[in-house]
Number of protein chains: 2
Amino acid sequence: MTSLSDLSQLTGYSKATVSRAISGNGYVSKEARALILKVAQDLDYATNAIAQDLASGRSRNIGVVLPYVKAPFFRQVLEGILEKNFETGYKIVILPSNYNPKLEIHYLEQFRKKAFEALIFTSLQVSEATILDYQKYGPIILCHKPHSELIPASYVERKPGYHKVFQWLKEQQCSKVGFLLSRDVSPTTSVTLQAYEEVYGMKIKARQVKTGSVVPDDGYQLAPQLTEFDSIFANSDDIAANVWRWFDEQKLPKPLIVGQDCLLSGHLLNLPTVDNHYLDVGRSAFELAISKEIKQLATRSEFIRKR
Amino acid sequence: MTSLSDLSQLTGYSKATVSRAISGNGYVSKEARALILKVAQDLDYATNAIAQDLASGRSRNIGVVLPYVKAPFFRQVLEGILEKNFETGYKIVILPSNYNPKLEIHYLEQFRKKAFEALIFTSLQVSEATILDYQKYGPIILCHKPHSELIPASYVERKPGYHKVFQWLKEQQCSKVGFLLSRDVSPTTSVTLQAYEEVYGMKIKARQVKTGSVVPDDGYQLAPQLTEFDSIFANSDDIAANVWRWFDEQKLPKPLIVGQDCLLSGHLLNLPTVDNHYLDVGRSAFELAISKEIKQLATRSEFIRKR
DNA sequence: GTGAAAGCGCTAACAA
DNA sequence: TTGTTAGCGCTTTCAC
């Protein structure tokens, strides 16, 4: 555990000179540098990152709050963040929230204590007011469209892709569209239903919508409730694929099944899908996190009919 | 940016008393505490995590080195780590290596500078000698079986599961087994071929083995070279599924295809698989990281014929 | 070119 | 119960 003082003592130079020699900031004579570096080498000296952080007042940590890593959305957003972060010198810290607002608050508190220089929320349980509150401690980025204009965000503009989906389903003469969604109320849910209503020009009926569709197997579990439809819009390829599997096993005629997120499962079964470009969401979220600009970046989703 | 000193000045109490009041360590009179906490509240005071780290000499960071997050192995090991870490107070820092030894060294150097209290390598490019070298700075855990007994590790004991695979293939009268592997030389490769040779009692022939099978699509690309086999052992369900897809598209009779890792793709197509329990590998790796014990934990793989 | 000294913000041993 | 003091290890002015 060699420290700067040790080097200072052993070389006879002051801590300041040693610091300069080691860090390379400021003038040091050739001989001094040589000696100091040599002794440092011999003693296996390394600067203490924590002390540097304290002295410079920065942690270079960026926290990424996410409920879990399995889901395509969270996984890919994370991937985008890591990609952009590559070799920037920031450390990406994973903060699992499990959708628990208490935990989110806990992370916000750590943020307040300067444990992180920025926070990226891939999912938010606490209120936007709370976020607005904590913004004074640094950049907090959301990964969905906030109500407030004052919160930086990087999100998917889903409408365009969804419109295309429903236009296509309409062209295919589909008149009974069923929906698989995760929750009753969520921004994604409302934009989905809105797009449908705009294209089909009719209000959606409650029975068209099945919620509780989160993990792949939910597709299999919910499929029996979908026999009345001629088409299904699922919230993920993995789920869509499991709907397909149920119909396949039952030897029932299959409805048109549209998935999302361009996953392997959908590819294998040749299901149409929506590419939501989550990677880009992650990339932009990272940019926002280090830029300290308050702006909102939208990435447009894209309907992929054939692959 | 209120600091302890500010509180000390404003309340008239010493920094020590304020520190005690805030942290809850040590005696403070009711009145003192009340006053101090009130002023702290009013000033929106928060202890500085970096300063605490410096004073306590710990970062509470654990670095996880991984080439990328897409692959099931890395993703699931990470998941296991995060799960075990949940609410321990450690911060899990993702260190993408891209299989680049230079980067690995870079992270080891940060480790030396106390940026991390422990390091988990899910994949290792640098030599074990290098790891042995850096061990003096703290625990470094590997996620494959090391040659040296002196390096803590959590890994999959693949032999048992693989044996079962080949026994089953033999029972099914498969006499021409093809292999899809990522690299020519790797611990996994050799254990795979060894298991085959032990069960079949014969040397493997070079033409049975196709390498360069890494991402799902590689299965599709390599499939045309597999027509001579009556069975295929692939290194992942995703890859196995793509082999299946190619045969399906060509309307060729399908060989028995065995995958690995219990992924959705294999499930959809009802392919036999090997569960390598990567989650457990991650969980144990984390335990090792905080335990500072030098031991090696093996998780046995498991053949899953029907699901 | 170099060094003294003052911080960064907090903790902890010891005294009072 | 509280305060004094001395760090933790490094950076950075500002003189010399």
Side-chain angles (χ1 to χ4, degrees), chain A residues 1-37 39-40 43-61 89 109-117 137-138, chain B residues 1-37 39-40 43-61 89 109-117 137-138:
Chain A
M1 218 98 322
T2 322
S3 76
L4 248 202
S5 320
D6 299 340
L7 287 192
S8 161
Q9 308 240 272
L10 288 163
T11 59
Y13 285 99
S14 70
K15 297 203 306 177
T17 302
V18 174
S19 174
R20 283 185 222 112
I22 299 287
S23 69
N25 297 330
Y27 293 114
V28 179
S29 68
K30 269 207 144 32
E31 311 82 63
R33 178 190 322 289
L35 173 60
I36 292 169
L37 291 183
V39 176
L43 270 62
D44 191 35
Y45 169 80
T47 57
N48 181 310
I50 309 177
Q52 277 180 316
D53 282 351
L54 176 60
S56 67
R58 322 189 36 177
S59 68
R60 293 209 151 266
N61 279 169
E109 276 300 302
Q110 305 236 87
F111 179 53
R112 191 162 86 94
K113 297 186 179 191
K114 307 218 176 313
F116 310 106
E117 291 188 26
Y137 308 113
Chain B
M1 219 99 320
T2 323
S3 76
L4 248 201
S5 320
D6 298 339
L7 287 191
S8 162
Q9 307 240 273
L10 288 164
T11 59
Y13 286 100
S14 71
K15 296 204 306 177
T17 302
V18 175
S19 173
R20 283 185 222 113
I22 298 288
S23 69
N25 297 330
Y27 294 114
V28 179
S29 68
K30 269 209 146 29
E31 312 81 61
R33 178 188 324 287
L35 173 60
I36 291 169
L37 291 182
V39 175
L43 269 61
D44 191 34
Y45 169 80
T47 57
N48 181 311
I50 309 177
Q52 278 180 315
D53 283 350
L54 176 60
S56 67
R58 321 190 37 178
S59 69
R60 293 209 150 265
N61 278 169
E109 276 301 302
Q110 304 236 86
F111 180 54
R112 190 162 87 91
K113 297 186 180 190
K114 307 218 176 313
F116 310 106
E117 291 188 24
Y137 308 113

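In what follows, every chain begins at residue 1, and chains take the letters A, B, ... in the order their sequences are listed.
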### Taking every non-hydrogen atom, the tightest pair across B:Phe116 and B:Gln110
CE1-CB, 3.7 Å
## Note on the structure
Minimal heavy-atom distance between A:Ile50 and B:Gly57, with the atoms involved, is CD1-C, 4.5 Å
#### Entry: Closest contact, heavy atoms only, A:Arg58 versus A:Glu117
NH2-OE1, 2.6 Å
### Summary
Rounded to whole Å, CD of A:Glu31 lies from P of C:dG1 at a distance of 9 Å
### Message
Between A:Thr17 and A:Thr11, is there a side-chain heavy-atom distance shorter than 4.5 Å?
### Response
no
Please tabulate, for side-chain N and O atoms in residues 18-37 of chain B, each donor-acceptor pair with protein atoms closer than 3.5 Å (sequence neighbours left out).
residue : atom : partner : partner atom : Å
B:Ser23 : OG   : B:Ser19 : O            : 2.9
B:Ser23 : OG   : B:Asn25 : N            : 3.3
B:Ser29 : OG   : B:Ala32 : N            : 3.1

### Query
Nearest-Å distance, CG (B:Leu4) to P (D:dT4)?
15 Å
### Near-strand residues of residues 50-60 of chain A, defined as heavy-atom separation under 4.0 angstrom from DNA chain C
A:Leu54, A:Ala55
#### Entry: Distance, rounded to the nearest Å, where B:Leu35 contributes CG and D:dT1 contributes C1'
15 Å
### Query
So, for B:Ser5 and B:Lys15, which heavy atoms are closest and what is the spacing to 0.1 Å?
OG-CD, 3.7 Å
### Task
Specify the closest pair of heavy atoms between B:Asp53 and B:Ser59, including all atoms of both residues, with the distance to one decimal.
OD2-O, 3.8 Å
### Task
Please report, rounded to the nearest Å, how far the C1' atom of C:dG7 is from the CG atom of B:Asn48.
14 Å
### Task
With a 4.0 Å heavy-atom cut-off, tell me which residues in residues 10-22 of chain A come close to DNA chain C, sorted by residue number.
A:Gly12, A:Tyr13, A:Ser14, A:Ala16, A:Thr17, A:Arg20
### Task
Could you tell me the separation between the NZ atom of A:Lys114 and the OG1 atom of B:Thr47, rounded to the nearest 0.5 Å?
10.5 Å
### Summary
From NZ of A:Lys114 across to P of C:dC10 the rounded distance in Å is 10 Å
### Message
I need the CG-C1' distance between B:Asn25 and D:dT1, as an integer number of Å.
### Response
15 Å
### Task
Respond yes when some side-chain nitrogen or oxygen of B:Tyr27 is under 4.0 Å from OP1 or OP2 of D:dG3, and no when none is.
no
